[in-house]
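Everything on this sheet refers to the single structure shown next.
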Amino acid sequence: MESQSALAQMGCLKFHFSQMGFHQRPQISLPSGKKIQALTVTCGLRDANKKPMWRSRVLSSEAIQAVHAMKLAKSSSKLEEVFQSRICRLLKADLLDTLTELRRQNELDLALKVFNFVRKEGWYKPDLSLYSDMILMLGKNKQIAMAEELFCELKKEGLDPDTRVYTEMIGVYLQVGMIDKAMETYETMKASGCTPHKLTFTILIRNLENAGEEELVAAVRRDCIQYVEFPKKFLEEVYQKHRKTEVDLV
């Protein structure tokens with residue numbers, strides 16, 4: 001019976017992949033008596049801090065209603081009522097999902113209110129990924145001072161900025177053309193022992209190129225030799241997506 005069950009699961013797997021447009025179906029062989037394990041798939045430039053895709057949650061009805069209620073609140077008093085009647089009652093997972101959804105919809109003011117609410121919860125523990133997500137959102141909305149404030153706040157909570165936090169802060173400054181601050185943050189990141197990753201270099205190279213900072217671009221490309229495996233291939237990929245050019249490492 002176990003063998004039949006495994007074959008049935010394999011058949012289901014083949015069916016879903018074929019529906020997605022793959023030209024070849026995956027061939028899976030299992031030792032006798034073994035069960036198929038869940039597949040974990042990650043992708044994208046920011047995958048170092050993402051959860052595996054198969055763990056992603058569907059918003060609960062409580063989280064959906066909370067988001068709608070907050071967006072419909074047209075005054076501070078109404079919003080306070082929503083927090084008292086709905087937000088306070090959310091489970092931890094639903095509260096974090098609510099924050100994620102507000103970030104996805106770029107509801108900056110509401111996301112900041114929920115973020116501050118989360119930080120006051122008894123179960124809350126300082127979380128770098130949470131700060132990184134908020135700094136990214138602030139950067140997209142060109143809220144530089146607020147992003148800097150969060151960067152300082154995470155240190156007050158006992159956290160040391162990691163590569164992603166520094167990279168998001170670099171992006172914040174580049175959003176508004178603050179080249180000197182971006183490069184200062186980049187140098188601070190390296191001095192702190194954090195290793196720049198491909199996203200860091202991609203953001204720097206593209207924005208510095210757009211700003212016409214050729215000397216800085218050359219310096220960043222030289223750093224790729226030290227920090228990136230197969231730097232020439234990486235730079236070729238960056239420039240293929242950004243613009244056509246001859247790639248030299250120095």
Side-chain angles (χ1 to χ4, degrees), residues 41-51 53 100 103-104 106 108 111-112 127-155 159-250:
V41 182
T42 57
C43 59
L45 285 172
R46 300 179 189 273
D47 62 358
N49 294 285
K50 284 185 178 179
K51 302 291 186 183
M53 290 176 65
T100 299
R103 288 201 312 267
R104 188 188 70 80
N106 200 34
L108 179 59
L112 285 169
D127 185 344
L128 277 175
S129 65
L130 199 58
Y131 273 99
S132 296
D133 290 337
M134 292 304 300
I135 290 172
L136 172 62
M137 184 182 193
L138 289 167
K140 289 180 177 179
N141 288 274
K142 297 180 171 55
Q143 298 295 321
I144 311 306
M146 296 178 72
E148 290 177 329
E149 183 179 345
L150 278 192
F151 187 78
C152 293
E153 284 294 326
L154 69 88
K155 294 180 180 178
L159 297 172
D160 293 320
D162 61 3
T163 296
R164 189 192 166 199
V165 171
Y166 277 118
T167 299
E168 301 298 3
M169 280 306 303
I170 290 169
V172 167
Y173 291 127
L174 291 174
Q175 285 274 358
V176 293
M178 298 175 67
I179 304 297
D180 290 342
K181 289 291 292 184
M183 294 307 296
E184 178 185 326
T185 304
Y186 173 59
E187 294 299 330
T188 301
M189 175 178 67
K190 293 188 294 180
S192 73
C194 292
T195 301
H197 51 40
K198 291 182 178 181
L199 177 62
T200 313
F201 289 121
T202 300
I203 290 173
L204 280 168
I205 291 172
R206 290 180 178 177
N207 284 277
L208 293 174
E209 283 273 4
N210 288 337
E213 298 285 349
E214 295 301 329
E215 291 185 6
L216 292 177
V217 172
V220 172
R221 281 161 50 177
R222 286 193 294 270
D223 280 354
C224 288
I225 300 174
Q226 178 180 352
Y227 293 108
V228 177
E229 188 177 11
F230 307 117
K232 184 174 179 64
K233 179 180 178 182
F234 165 68
L235 287 171
E236 287 174 348
E237 292 173 349
V238 171
Y239 281 105
Q240 283 172 1
K241 295 176 181 178
H242 184 45
R243 66 178 175 84
K244 301 290 185 180
T245 190
E246 183 73 20
V247 176
D248 296 316
L249 294 179
V250 294

Checking Leu136, Thr185, Thr200 against Thr167 for side-chain contact (heavy atoms from CB on, under 4.5 Å), the one that qualifies is Thr200
Going by atom types alone, do Glu168 and Tyr131 pair a side-chain donor with an acceptor below 3.5 Å?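 Judged by distance alone, the side chains do not pair up.
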Run Arg103 and Met134 through side-chain contact (heavy atoms from CB on, under 4.5 Å) and show every step you take. CA-CA 8 Å; Arg103 288 201 312 267; Met134 292 304 300; 3.7 Å; yes
Could you give me the CA-CA distance, side-chain angles and deciding distance for Lys198 and Val238, then say whether side-chain contact (heavy atoms from CB on, under 4.5 Å) is met? CA-CA 9 Å; Lys198 291 182 178 181; Val238 171; over 6 Å; no
Are [X] and [Y] close enough that some pair of their side-chain heavy atoms sits under 4.5 Å apart?
X	Y	result
Met178	Val172	no
Met183	Val220	yes
Phe234	Thr202	yes

Return the [atom1] to [atom2] distance between [X] and [Y], rounded to the nearest 0.5 Å.
X	Y	atom1	atom2	value
Ile179	Leu204	CD1	CG	9.0 Å
Leu130	Ile135	CG	CD1	10.0 Å
Met189	His197	CE	NE2	8.0 Å
Ser132	Tyr166	OG	OH	11.5 Å
Arg206	Leu208	CZ	CG	12.5 Å
Leu235	Glu237	CG	CD	9.5 Å

Least distance between heavy atoms, Pro161 atom then Cys194 atom: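 Here Pro161 and Cys194 meet closest at O-SG, 3.5 Å.
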Search all heavy atoms of Asp160 against all heavy atoms of Leu128 and return the closest pair with its distance. O-CD1, 3.4 Å
Please lay out, stage by stage, how Glu148 and Lys181 fare under the test side-chain contact (heavy atoms from CB on, under 4.5 Å). CA-CA 11 Å; Glu148 290 177 329; Lys181 289 291 292 184; 4.0 Å; yes
Tell me, with the steps shown, if Arg104 and Asp133 meet salt bridge (charged side-chain N to carboxylate O under 4.0 Å, His left out). CA-CA 10 Å; Arg104 188 188 70 80; Asp133 290 337; over 6 Å; no
Parallel, tilted or perpendicular: ring planes of Tyr186 versus Phe201, cut at 30 and 60 degrees: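 It falls in the perpendicular class, over 60°.
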Might you work through the salt bridge (charged side-chain N to carboxylate O under 4.0 Å, His left out) test for Lys190 and Glu187, ending with a clear yes or no? CA-CA 5 Å; Lys190 293 188 294 180; Glu187 294 299 330; 3.4 Å; yes
